[in-house]
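Quantities reported herein were computed from a predicted structural model and do not represent experimental measurements.
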Amino acid sequence: MKKYDHKTIERKWQKEWQKNKIYATPDKAPGPSSAKASAGKKDNFYLLVEFPYPSGNLHAGHWYAFAVPDILARALRMQGKNVLYPIGFDAFGLPAENAAIKNKLNPRKWTEENIEFMKKQIASMGTSFDWSREVITCNPDYYKWTQWLFLQLFKKGLAYQKQTAVNWCPKDKTVLANEQVADGKCERCDAEVVQKKMLQWNIKITDYADRLIDDLAPLDWPEQIKESQRNWIGRSVGAEIDFPFEFENKNASKPNFLLLHGYIGSPNGSYHKWLKNMLERKGYLVQVPDLPNTNEPKETEQVKHVFDRCRVDENTIIIGHSLGGTVAMKLLQKINRPVAGLVLVAPAIEAGFPGAEERPYWKDFSWGINYERLKQLTGFRIVLADTLEKGKRGAYLARLAELLDAQIIEGQAKKEHFCGAEEPLVLAQLASKVTVFTTRPDTIFGATYLVLAPEHPLVKLALGHRGLLTNENEIARYIALSAKKTDMDRQTDKEKTGIRLQGVDAINPSTREKIPVYIADYVLGHYGTGAIMAVPAHDERDFEFATKYKLPIKRVISGGELPYIGDGLMIDSGKFNGLKSEKGRQAITEELGVKKITYKLRDWIVSRQRYWGVPTPIIHCPKCGTVAVEDKDLPVELPEIKDYFPEGSGKSPLAKVKKWVSAKCPKCKGKAERETDTLDTFVDSSWYFLRYTDSKNKKEFASKEKQANWMPVNLYSGGAEHTTMHLLYSRFWHKALFDLGLVGESEPYKRRMNRSLILGPDGQKMSKSRGNVIDPDEAVEGLGADTVRMYLAFIGPYNEVSSYPWNPDGVVGVRRFLERVWNISQKSEIKSQSDNPKIANLLHKTIKKVGGDIATLKFNTAISSLMILLNAVEKEGAIGTKQWEVFIKLLAPFAPHIAEELWHEAGNKKSIHLEKWPEFDPALLKDENIIIVIQINGKTRGEIQVPSDSDKSAVEKAARAAVAARLKGHKISRTIVVPGRLVNFVVSEQK
RNA sequence: GCUGGGAUGGCGGAAUUGGUAGACGCAAUAGACUCAAAAUCUAUUGUCCGCAAGGGCGUGAGGGUUCGAGUCCCUCUCCCAGCACCA
């Protein structure tokens, strides 16, 4: 008798499968079913697993990730599905690069070697991947399309540059997305993340916040992931409400305004009419010169015009719209005396800005502005940008704001430059009031003070009005202090601090009461409006702050609520009294503010200051600004360089490659430079599953026809760590592509399962330092791939977020099972020509059970039923050859090698993995006799065996007889017969 | 703190969705084989009382609904994961 020699068997069949390419997946199911056009798609099944980082070595987790879903792939294939089960490598990114640096190797070489090695390891699992569709993200034929897709988003205004405070990892020397920061530390290297202001490429995922939430509902995903994503996006519905300001020192603070209108305009036309009126009504002195020749502007002429006619002093705030903004800056340089402030509304930009070529007058316009001097001359500077300008001119405005050290305020102009009817927006940013966001407008009656975030633009504005605030120095100190705090400090330092703005009060619009205004860093600048109304009676944080600074606490009562008893006052909600919260909120929102929805989600920062990534396909032209690389020039290849080490200057190592950096502007053909930051690897992985459908396509990222064969993904299996990262990014990406008409559906994955985690034998996470790492190669060497695969499937339910320790004894149990299978097949005396009727019933039950369990991803119970069947066969000592072949087929998805060997040993020529899945015979599922449990008062008191077709009364009669002795002396008040299960006699205590 | 998911033998886990709790595997104990060990095979294995027949108790705790609850409802405890000054 031959012994079970897993090494020989596994090597043999892996070679054979590879040679015969039995897992290459055609786009449409072969055979008669694909004759009809619709049948092809129906029979296709796209099973996706997250592709690995080629970081070096496969670990037990990879086995769990690839080999267990492989069971499903194989079973579905046998059940007649045309299964796409592809694989590739997420080859760009930090882990690979860090490892390369550590080992002093070129990242590409290192990555490619790893891929070669890991491919062999993956093959050793006996997985049925279709390697012909392999995707490697660091190959130019892949990242060409990553760049192309990025440019589609860029052209749609979904990718834009912005100067923002970002998470900077000092160790990895790169910017991180919010999703990559855990507890204030770098997700990868654990170094403390610091805040740094940098110009970064952002992707406007926030535009899709609502759809990302709303489209979750119909997906067949674990509730946990859906909830996490909703939570991460953090939608809250509330109201924005204005609180007017009142300054004590009216004389000192009173600014006057100089309004400079824009191109082809006049003070009586589209510009400034409304703004002038409003300001004058408030008692401000307003000057509005009518600029000459605005359709053929010469800035010297205009500056002279204003200089000759208008008076400017240290209380003047100059507001320049569009072209007027340039005039304002030039004017200031000419006057060369300090003013209160400078506001540039959708300012004009340097020659060569996008669209400038359509305006020939511009070519005479000289720029030449001394930003440093302007900073000295102005108390505050604001750039008011139109959100429409983000895509086109956003980068310019960001740069201008940076040069001027100005606040950028984003307005939402529907018309260019906020002219005409949109001027109120301009005023809204300047007039003396602050807008707060609240989810509880019904508590406004209890708002006893206001709090602004230290970075709130209004604070700067107020500080710029000299003499407006009496404690300017203290405030400036507080702002500086909190700016230094890292996010970590702000989290751990729960003790609330703040400082009152002396010299100003706000008016609570609901009570007309004067309330104090504070700045405090417990209010976040980037959420809502960066300002809150504090209601200490109804908000814990406000309560804490109010207690510390001895501020009044007023509880709002409305009908039905219990009056507040204790410290503080009660306040009546007046005419809103009696309204239950929801209705009250609505009524008050309508009366005092506007409904507003805000999100916790922030835009996705994709710039990485590292070498090993996809080059951002953008060219910076001094005349034309940020310009997309033309399609014919894609891909922008990553140059092979020696010095790829990050240096921490805030620039990617690519910036040092002068030859690569210099480029021609695609628009004006002038001298320009390439963007040197690379893209986040989550960009690469946001669309890789589309490439699998058409991986060789040279003309498109994937043709619509090929996509249609497979998309959306039927089942996506992966780790829980990607819940708010990859899964969110790729959903967004797909929606953006859908809107661009590039994909056919708005959600990429129909069903998702999160796999569990494999721990070390000690129940701890596997790690080299703990010394509890299981090397799968070793386990395979000793026990065989079939055993390891099957053990991982047997260890516990796959589709759950749980974790299982690798139990060396448990693996042995599975190995024993396979050895017993092997031994039975070697014993010819057990097998007979005809079927063993004693096995038939259990065999057919097992067919049903295994099929059902695989479909519901309960691989552990499927295996257990195979074990039960084997136990019975051994006990019986006899099984028909045909029956045995059925058993081998059932085993095939789990242990593909041994099944193939036994299948061929039984005299079959074709691969078992191309065989049809056995079908069960419903007639054979039926038991002849069944066991009925007898209960008395719900307690089990015995059992009887009855023919399975016995009727109710017969069963009851038999049961009564079986427990007659116990029933004696009791009165049966009720009898419950559950067919096929039990009989329960309900009896009284004693007769 | 908020959100989601859990808690079943010595361990991993089953339980037809309200119907014999502990399938299957591991570990453990005893026996067979062996000079011996390993491997293999056989038997036992939730727990307590009992020589036994038999009985009591048992799914984190307490209460409820029901003929019957691991499963449904209420209250509480603990564990895991994610988020966290988000107004």
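For C41(B), the paired base is G31(B) (Watson-Crick or G-U wobble, both distances below 3.5 Å). Base pairing of A15(B) is not made with any nucleotide, judged by Watson-Crick or G-U wobble geometry with both donor-acceptor distances under 3.5 Å.
By the salt bridge (Lys or Arg N to Asp or Glu O under 4.0 Å) test, Asp5(A) is found to be paired with no residue, residues two or more places apart in sequence or in another chain being considered. Listed by chain and residue number, Trp822(A) satisfy the ring-ring contact (aromatic ring centres under 6.0 Å, His included) test with Tyr4(A) (two or more places apart in sequence, or in another chain). Take Lys858(A) and apply the salt bridge (Lys or Arg N to Asp or Glu O under 4.0 Å) test, not counting sequence neighbours, and it matches no residue. Shown here are the salt bridge (Lys or Arg N to Asp or Glu O under 4.0 Å) partners of Glu540(A), two or more places apart in sequence or in another chain: there are none. Arg941(A) meets the salt bridge (Lys or Arg N to Asp or Glu O under 4.0 Å) test with no other residue; sequence neighbours excluded. Applying the side-chain contact (heavy atoms from CB on, under 4.5 Å) rule to Pro441(A) yields the partners Ala239(A), Ile241(A), Thr438(A), Arg585(A), Ile588(A), Thr589(A); only residues at least two apart in sequence or on another chain are considered. For Tyr208(A), the ring-ring contact (aromatic ring centres under 6.0 Å, His included) partners are Phe732(A), not counting sequence neighbours. Among residues two or more places apart in sequence or in another chain, the side-chain contact (heavy atoms from CB on, under 4.5 Å) test is passed with Arg981(A) by Val978(A).
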Checklist line | Contact letters for nucleotides 2-15 of chain B, in which S counts primed atoms plus P, OP1 and OP2 and B counts the base, heavy atoms under 4.0 Å | finding: -SS-------BSSS
Notebook entry, point to check: Nucleotide by nucleotide, 5' to 3', does protein get under 4.0 Å of the base (B), only the sugar-phosphate (S), or neither (-) in nucleotides 42-50 of chain B, counting heavy atoms?
Noted result: ---------
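Remark: Arg816(A) is in phosphate contact with U40(B), judged by side-chain N or O atoms under 4.0 Å from OP1 or OP2.
A donor-acceptor contact under 3.5 Å links the side chain of Lys496(A) to the base of C85(B).
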Can you name the atoms? Protein N/O to nucleotides 65-70 of chain B N/O, anything below 3.5 Å, with the distance.
{"unit_1": "C67(B)", "atom_1": "OP1", "unit_2": "Arg974(A)", "atom_2": "NH1", "d": "2.9"}
{"unit_1": "C67(B)", "atom_1": "O2'", "unit_2": "Asn984(A)", "atom_2": "ND2", "d": "3.4"}
{"unit_1": "C67(B)", "atom_1": "O2", "unit_2": "Asn984(A)", "atom_2": "ND2", "d": "2.5"}

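Pairs of residues two or more places apart, or lying in two chains, that qualify as salt bridge (Lys or Arg N to Asp or Glu O under 4.0 Å) and include a residue from residues 843-856 of chain A are Lys845(A)-Asp927(A), Lys849(A)-Asp853(A).
In this structure, Arg981(A) places its CZ atom 12 Å from P of A21(B), rounding to the nearest Å.
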